[in-house]
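See structure below.
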Amino acid sequence: MAASGRSRRGGFHLALETGTPIVPVGVSGTIGILPRGGRLMKTGQDVRVTIGAPIDVVGRDLPGLMTEVREFLVREVEGKSTEIG
């Protein structure tokens, strides 16, 4: 899987069981603060937080919801990660 990492299913199950909309949130630019394997944090780095529109879960299935959130992350986080800086 790409830079956004692996999606965990617990939050999706909870949303489906309670009928609570999912609000996707993407964070990019954190690798510039603490690179993989790094021990010291760098200051003065830009971080972007993107909050998506709530996704209604009523009548939806787990794979479909996970796909929609993943597409949001790819579009809004991975696709824009080079714009900052």
(message) Restricting to non-hydrogen atoms, name the atom on I22 and the atom on A15 that form the minimum distance, rounded to 0.1 Å.
(response)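 The pair with the smallest heavy-atom distance is CG1-CB, 3.7 Å.
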(message) Using side-chain heavy atoms (C-beta onward) and a distance below 4.5 Å, is P24 in contact with I55?
(response)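 Sidechains of I55 and P24: in contact.
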Do [X] and [Y] belong together in a cluster built from hydrophobic side chains that touch within less than 4.5 Å?
| X | Y | answer |
| --- | --- | --- |
| V47 | V25 | yes |
| M41 | V49 | yes |
| V27 | I33 | yes |

(message) Within this structure, what is the CD1-CD distance for the pair I51 and E76, rounded to the nearest 0.5 Å?
(response)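 Reported value, rounded in 0.5 Å steps: 12.0 Å.
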(request) Calculate, to the nearest 0.5 Å, the distance between atoms NE2 and CZ belonging to H13 and R8 respectively. (result)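 The NE2 atom of H13 sits 13.0 Å away from the CZ atom of R8.
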(request) With sequence neighbours excluded, tell me which residues meet side-chain hydrogen bond (donor to acceptor under 3.5 Å, both in side chains) with Q45. (result)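 Applying side-chain hydrogen bond (donor to acceptor under 3.5 Å, both in side chains) to Q45 gives none.
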(request) Among residues two or more places apart or on two chains, list those pairs meeting side-chain hydrogen bond (donor to acceptor under 3.5 Å, both in side chains) that have a residue in residues 54-66. (result)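 The answer is R60-E68.
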(request) Check salt bridge (charged side-chain N to carboxylate O under 4.0 Å, His left out) between E71 and all other residues, then give those that pass, not counting sequence neighbours. (result)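 Residues passing salt bridge (charged side-chain N to carboxylate O under 4.0 Å, His left out) with E71: none at all.
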Kindly write out the residues that satisfy side chain to side chain contact (heavy atoms under 4.5 Å, CB included) with [X], not counting sequence neighbours, or none if the list is empty.
| X | value |
| --- | --- |
| L16 | V57, L62, L65 |
| T20 | T18 |
| P54 | P21, V23 |

(message) Walk me through whether V69 and F12 qualify under side-chain contact (heavy atoms from CB on, under 4.5 Å).
(response) CA-CA 10 Å; V69 170; F12 292 96; 3.7 Å; yes
